[in-house]
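Remarks on the structure that follows.
Chain naming here is simple, since letters A, B, ... match the order of the sequence lines and numbering starts at 1 in each.
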Amino acid sequence: MKKFDVLVIGGGPAGMAAAIAADAKGASVLLVERDVRLGGILNQCIHAGFGLHYFGEELTGPEYADRFEKRLAKTGVKVMLGAMALSLGGDGEVLLLSPEEGAVHVKAGATVLAMGCRERTAGAIALAGTRPAGIYTAGMAQKMCNIEGYLVGKRIVILGSGDIGLIMARRMTLEGAHVERVIELMPYSGGLKRNIVQCLEDFGIPIDYSHTVTRVVGKPRMEGLYYAPVDENRRPVLSEEKFIPCDCLLLSVGLIPENDILNGSGVKLSRVTSGAEVDENRMTSLPGVFSCGNVLHVHDLVDNVSHEAEIAGSAAAEYALHGAPPTNGELHAVTPGKGVRYALPQVIHGGSGSVEVFFRTDNVYKNCKVVAECAGRTLYSKKRMIVAPGEMEKIALKKEDLDGDVTVRLEI
Amino acid sequence: MKTICINCPMGCPLDITEEEGKVVVRGYTCKRGLEYGVSEYTSPVRTVTTLMRTSDGGVVPVKTSRPVPKGRMFDVLERIRSLTAPADADIGFVAESDVLGLGSDIVVTGRPAPHPAK
Amino acid sequence: MIVIGGGIVGCAVLDRLARRNVSVLMLEGGDDVAVGASRANSGIVHAGYDCEPGTLKARFNVRGNAMIWQLAEELGVPALKCGSLVAAPVGGEEGIALLKRKADLNGVRAEVLSREQALEIEPMLADGVQSALYAPDAGVVSPYQLAIALADRAVLNGAEIVTDAPVVSLKKEGGLFVAGTPQGEFAAKLVVNCAGARASEVNALVGAETFETEFRKGEYYVLDHTERERVSTVIFPLPTAAGKGILVAPTADGNVIYGPTSSPAEEDDTSVTAEGLEEIRRNVPLTYSSPAYNKCIRVYCGVRTIVGHDFIVRPSERVEGLIVTAGICSPGLTSAPAIAEYVEELAGRYLPLANKADAVIRPPRTPRLAELSEEELNALVKKDKRWGRIVCRCEKVTEAEIVAAVHSPLPARTVDAVKRRVRVGMGRCQGGFCSTRVMEIISEELGIPMREIRKGAGHSEIALLAVKEADYEEV
């Protein structure tokens, strides 16, 4: 049995920031990472666009990770690589497996979950057709390309226009593949405008909104696919089905927090985010267990991940060293209202100080108003020219103003 | 030319033309859109990120230290194809200075993944 | 002797013959055994109550059910005797009674249950279910793992397996069969045709009798492990002329499946259709109250080969020394051990068969992580660090297990072959995180370059081009 004040599970951007923050509060910290190096998915995100908010300059993924790795090296945080957390008990005890030490039990004063997310797959969207070589998630293709140095296709179609899909359209093009088109189920892209321009438009790659892939053909290698426009219920209009010859379909159809370890732990999960429900310190319903980064909810920018992880890491250290923070005993739920898909944290303790509430909208809305209300009073109200599901919004509230549950909604 | 503004999620559709020797941008909503339209028309630039072969047969990620003219991206890529980085090149290693005379260096941005020990 | 075809029947036959004093060879057209119908079916061990009494199906099902549990235990293949329920709506009492009569005639244990009794066994039955037939001897087994384990044991006992070797010619010359394949020609005194979908075609090659063959595809949803706790038994609807209907069942590996459909298809059409999935979604709620399509991790399709109403297992009427198995659709998996037993008896009529003295019955087996105590695990990690490195995070598969699969008696040379042996990539991320590492391990262990590592059969390479070596013009 190993004992630490704080155990951080996951050595990507969230885990590194949480560990550094916990160390800064004077806690003894163990950081475990299942890969052979720190950095997580940033290692394969070799494109630029990270760090504008956090570092005030534009970095690539590996550079962003390296900044945190260097900071981490200056702390007392103990890092275990190649180690995977297998289970989390109701008492907070974690079982790890590592090539160096075998099965290891760790009991920490607080545990921070920072395991990131995984991609939705062809299976998750019940993609029809054959199962040939050539169908991959965009992230797997990214790893094969940027880490291993191989292209998984020569003529490529991308389903889904989330940022990873758009980034991969450019990556594959720059490395010599031909990206035929991007197909997006929704009438808009979930990706950044910059990526639409610089990943598609720059290379003349067409994007079909309100379309979907209806089936894949070819065996044992992919030979092409059929796609069609969708009606207002997002069902394909098969009479307008078209064929594209291609040897590869990349999927960028959503990310899901990877909370496998919480099965049976009793931690309350949100049905919307698939992450834990947390308070303003990012503590879950299991006291002493915190969650941050993409395992909590899928973020738009890594800069936001780092900030959130610092909140969780600091709070975890405080909890381990000094117990639960003082509150006035009140607990206010934060619930999404009209136009809002989810808001986080899901609960805020009464007391004093400022709290940032992050939320995502359920559609693209122009010229709307973001409103936060508590017991019939308006806490926040501000006009926005545009809000979109792909971009996380945030508002600041004062705990002193709260005397009941909070609703975040849009006036459309 | 037609493009969309990348400054915010509005994504204003821009129509940019040259009229009587002056760049005219239509479709923008705010000042940032106007400025973006003019620069995209007159001198669009992009940061190129790609991979470079290493001397031991692996790959490392590289970038241009500054954005290069959009129209020269594939020339830069072609140049990078002919270059090799040392196997132990660290982040920040300059693999080529002033690539193609464009005023931008080719800089290593990451390290190869270590192989898991047996 | 030559066994043509490495499905569950071919593997079961090979396993039995390998333990006798004859030399046996298997010719398989795919990259691995169990890549046809044996890979993509329901994995059900049927009790045998619905087969027409007196048929080969009834005989082999009942005998196979009696054999298969021990076989799975010997080979360390996941299997679970969880029982089955035929869940009938109002007005279905007669259908249930008919099944009960067949069960009695076939000598199968079965019990007619009221809704309340059935709910005690299966709390998630649909509201419309009024009565049920419970068969305690039914269950599930991993069909491809059973076939692979049989093939592995056969190899340990001296059998030879040649993959990527579809039989394209078959002649009988001077008392010897000669089978031609892309891997060369192979000769034998006796041939067992276990070619599944191609059985009639293989028979035709040698001038033996052919059969009208019909193919029907069956599509499925596979659900995440999180759904497993909702389903206790195999839940069938009342059978119809078209078959046993769309079921809800646990898998031996702890998932849940919904399916199969049953629609006419071409021999190798394993494509999933939107209509098929729709049909499943229409039918599941008739027996099961808690479908969770949002927990789907994969959809798949298998093709059944149907030759008339019964199995064909007999010596060829025209060609001496050819033993034919054909039309082994449901309950083929359950029946396979019994079919193999009978094939061995038939083979004994041509060749004297005596037991090998030192045949392996319980082959050494690589344990799964979940089966190990902490002490056992730590002892393994101490000897080999790869036991401490999880490659497949969803299914918790270590590098050591993958290396063992790559070097198993029938080596796993493709990503899918590794997957079928140790479940790497079968979880909710479907290999998104681990496939590249699996490719590296195959590449390193077998000395195959990364660009030649295949997903499965044929030209299914994954790494098509190396970056910076690709010709822009080439693409």
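Looking at B/Pro44, there are no atoms closer than 4.5 Å to chain A (heavy atoms on both sides), in backbone or side chain. Heavy atoms closer than 4.5 Å to chain B are found nowhere in A/Asn43, neither backbone nor side chain. Using a 4.5 Å cut-off between heavy atoms, B/Arg53 touches chain A through its side chain atoms alone. Neither the backbone nor the side chain of A/Leu192 comes within contact range of chain B; no heavy atoms are under 4.5 Å apart. If you measure heavy-atom distances from A/Tyr365 to chain B, you find no contacts under 4.5 Å at all.
For the set B/Thr47, B/Val59, B/Thr50, the count of heavy-atom pairs under 4.5 angstrom toward chain A peaks at B/Thr50. Most heavy-atom pairs under 4.5 Å with chain B: of the set A/Glu63, A/Glu148, A/Glu58, A/Arg194, this distinction falls to A/Glu63. Chain B forms the most heavy-atom pairs under 4.5 Å with one residue out of A/Arg170, A/Gln198, A/Lys366, and that residue is A/Gln198.
Other residues, nucleotides and ligands place no more than 12 heavy atoms under 6.0 Å from the OH atom of B/Tyr28. Within 6.0 Å of atom NZ in B/Lys70, more than 12 heavy atoms from other residues, nucleotides or ligands are found, so the atom counts as buried in its surroundings. By the 6.0 Å contact criterion, NZ on A/Lys70 is enclosed, its count of non-hydrogen atoms from other residues, nucleotides or ligands being greater than 12.
Nearest heavy atoms, A/Ile147 versus B/Ala113: CG2-CB, 4.2 Å. Listed here is the closest heavy atom pair of B/Pro61 and A/Pro62: CG-CG, 4.2 Å. Closest approach of B/Phe74 to A/Thr173, counting heavy atoms only: CE2-O, 4.2 Å. Scanning all heavy atoms of the two residues, the minimum distance from B/Thr49 to A/Thr60 falls at CG2-CG2, 4.1 Å.
Residues A/Asp202 and B/Met73 meet the side-chain proximity criterion, which asks for heavy atoms closer than 4.5 Å. Side-chain contact between A/Asp66 and B/Arg111: present, with at least one pair of heavy atoms (C-beta onward) separated by less than 4.5 Å. Side-chain contact between A/Arg67 and B/Ile91 is absent, with no heavy-atom pair separated by less than 4.5 Å. Side-chain atoms of A/Lys193 and B/Cys8, non-hydrogen and from C-beta on, never get closer than 4.5 Å to each other. Contact annotation: the side chain of B/Lys63 never approaches that of A/His47 to less than 4.5 Å [non-hydrogen atoms, C-beta and beyond].
For the residue pair A/Glu201 / B/Thr3, a side-chain donor-acceptor distance below 3.5 Å is found, with atom types taken as modelled.
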